[in-house]
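All values below come from the heavy atoms of this structure, side chains included, with hydrogens, waters and symmetry mates left out. Each ligand, and each atom within it, is numbered from 1 in the order the structure gives. FYI, the numbering just counts along the sequence from 1.
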Amino acid sequence: MSTYTDRLLKLVVMSDIHLLPKGEVKRGLDTAPRFEKAIQSVNELHSDADLCVFAGDITEQSNAGAYALFDEIRAGNELPQRVMLGNHDDRNDYLKHAENPMLDENRFVEGFDDIKGHRILMLDSSEPGRLRGGLCEQKLAWTAERLAEAKALGLKVILLLHHNPCALQMPVDAYRLAEPEKLLQVLHESGADIIQILAGHCHITSAGSWGGYPCATIAGNQHNVEPFLRGRTGQQDSFAAPAQYAVIMSDGINCAVHFQSYVNESTIMDPELFPQKVDQKFEIVD
Ligand SMILES: [Fe+2]
Ligand SMILES: [Fe+2]
């Protein structure tokens with residue numbers, strides 16, 4: 001008979017890796033050694049995980065050299081891996097480079113893994129050239145089909161996507177998932193047992209719910225931002241740390257989302273490095 005640990009899903013999710021070609025650094029923050037630390041951390045602490053997912057913004061500028069560096073560094077980890085895309089990635093660039101990409105029948109970089117009673121559903125919210133990603137009708141239809149299967153199979157669903165669908169009441173909401181209500185409708189209509197949604201993109205760790213579903217975000221591998229909430233003006237501070245990935249553990253009833261830091265020293269970065277973070281506009285709702 002299997003033990004409880006054998007039945008317990010352990011899922012590692014990293015996001016916003018933002019690699020540049022080897023040797024290039026942005027804002028004094030070198031994402032390559034940080035990503036190496038992340039891989040080292042997973043190897044040391046979570047080598048028993050079932051899957052490691054990279055949830056988009058793999059590169060900063062979608063260059064071939066950065067994708068090559070990504071593959072070189074992640075080769076140091078032996079877990080099964082899945083790669084998703086974010087707004088800093090360009091699907092066409094990635095697919096030119098990728099050896100064995102996760103692809104749906106429409107050649108979007110999305111897919112699923114069924115593990116220990118769960119369906120890990122990974123959506124492609126990237127749209128080449130657009131900061132504000134979205135899910136077109138094809139992607140929504142594909143999502144609805146995968147959710148219907150999960151329901152028929154009695155699987156709990158963990159949904160991963162790059163763009164946060166939930167509003168955080170921060171300026172980042174202005175470029176969160178576009179038309180999130182369309183995805184929400186698909187989720188609600190599916191009747192699937194969606195136990196957790198997790199996104200990256202916003203560079204901040206948060207927990208809460210979206211349309212009734214538990215929804216969390218992770219800070220990732222690049223700079224981390226402070227909670228700069230609706231009504232604030234002036235400069236939003238960015239921090240060099242913590243860099244974090246998520247570890248989800250679920251037995252189907254208890255689903256815990258942990259945030260594992262692998263770079264901890266937290267200093268405020270020079271505000272002049274982030275001129276776009278002065279007097280930002282918030283998402284217009286009314
Ligand atoms: Fe990002
Ligand atoms: Fe992003």
Side-chain angles (χ1 to χ4, degrees), residues 13-21 24-32 34-35 37-38 53-63 66-67 69-70 73-74 82-94 108-110 122-135 139 159-168 170-180 183 197-206 210 215-228 236-246 259 261-263 269 273-277 280 283:
V13 185
M14 291 188 192
S15 191
D16 295 272
I17 298 155
H18 287 275
L19 289 174
L20 290 149
E24 286 183 35
V25 172
K26 187 176 177 187
R27 300 192 190 104
L29 204 152
D30 193 347
T31 46
R34 289 162 76 97
F35 184 43
K37 277 192 183 176
V53 179
F54 303 100
D57 282 0
I58 301 298
T59 64
E60 179 68 21
Q61 293 161 340
S62 202
N63 1 49
Y67 287 116
L69 184 57
F70 170 66
I73 296 173
R74 75 188 176 108
R82 293 289 187 189
V83 180
M84 299 165 60
L85 300 182
N87 50 295
H88 281 258
D89 305 303
D90 183 301
R91 192 179 305 116
N92 300 318
D93 297 336
Y94 169 72
F108 293 122
V109 180
E110 54 189 9
M122 295 160 276
L123 306 186
D124 183 351
S125 61
S126 72
E127 290 186 359
R130 283 190 59 196
L131 173 62
R132 186 162 198 176
L135 300 172
K139 291 179 190 171
L159 187 73
L160 307 177
L161 71 170
H162 178 72
H163 292 79
N164 50 301
C166 52
L168 301 175
M170 291 172 57
V172 68
D173 297 342
Y175 46 95
R176 66 181 164 127
L177 184 77
E179 301 181 296
L183 174 60
I197 298 172
L198 183 70
H201 186 54
C202 49
H203 291 218
I204 189 167
T205 297
S206 75
W210 174 59
C215 187
T217 64
I218 43 172
N221 187 57
Q222 208 187 30
H223 62 274
N224 197 322
V225 297
E226 65 158 331
F228 188 89
Q236 179 181 19
D237 285 332
S238 296
F239 294 84
Q244 294 180 324
Y245 57 84
F259 303 102
S261 299
Y262 54 92
V263 179
M269 295 173 74
L273 293 168
F274 296 92
Q276 77 279 23
K277 292 194 186 294
Q280 299 170 86
E283 183 184 30

Participant: Is the distance from the Fe ion (ligand 2) to some N, O or S atom of His201 under 2.8 Å?
Facilitator: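 So His201 does bind the Fe ion (ligand 2) by this criterion.
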Participant: Taking the six-membered ring for Trp, is the centroid-to-centroid distance between Phe70 and Phe54 below 6.0 Å?
Facilitator: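 Judged by ring-centre distance (under 6.0 Å), Phe70 and Phe54 do meet the cut-off.
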Participant: Take the Fe ion (ligand 2) as the vertex and measure to NE2 of His162 and OD1 of Asn87; round to 10°.
Facilitator: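 Computed angle, vertex at the Fe ion (ligand 2), rounded to 10 degrees: 90°.
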Participant: Give, rounded to 10 degrees, the angle between NE2 (His18) and NE2 (His203) as seen from the Fe ion (ligand 1).
Facilitator: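 Angle NE2(His18)-the Fe ion (ligand 1)-NE2(His203): 90°, rounded to 10°.
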Participant: Are Gln280 and Phe228 close enough that some pair of their side-chain heavy atoms sits under 4.5 Å apart?
Facilitator: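 In contact.
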Participant: Are any N, O or S atoms from Asp57 nearer to the Fe ion (ligand 2) than 2.8 Å?
Facilitator: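 Coordinating: yes.
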Participant: The Fe ion (ligand 1) is nearest to which N, O or S atom of Asp16?
Facilitator: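 Of all N, O or S atoms belonging to Asp16, OD1 is the one nearest the Fe ion (ligand 1).
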Participant: Leu168 versus Asp173: any side-chain heavy-atom pair under 4.5 Å?
Facilitator: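 A side-chain contact exists here, since the closest heavy-atom pair is under 4.5 Å.
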Participant: Test His18 against every option in Arg34, His223, His203 by the side chain to side chain donor-acceptor pair (under 3.5 Å) rule and name the one that passes.
Facilitator: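 Considering Arg34, His223, His203, a side chain to side chain donor-acceptor pair (under 3.5 Å) with His18 is found only for His203.
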Participant: Could you tell me whether the Fe ion (ligand 2) has an N, O or S atom of His163 under 2.8 Å away?
Facilitator: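 Of the N, O and S atoms in His163, none lies under 2.8 Å from the Fe ion (ligand 2), which means no.
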Participant: Among His201, Glu127, Arg130, exactly one meets side chain to side chain contact (heavy atoms under 4.5 Å, CB included) together with Asn87. Which residue is that?
Facilitator: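 Exactly one pass, corresponding to His201.
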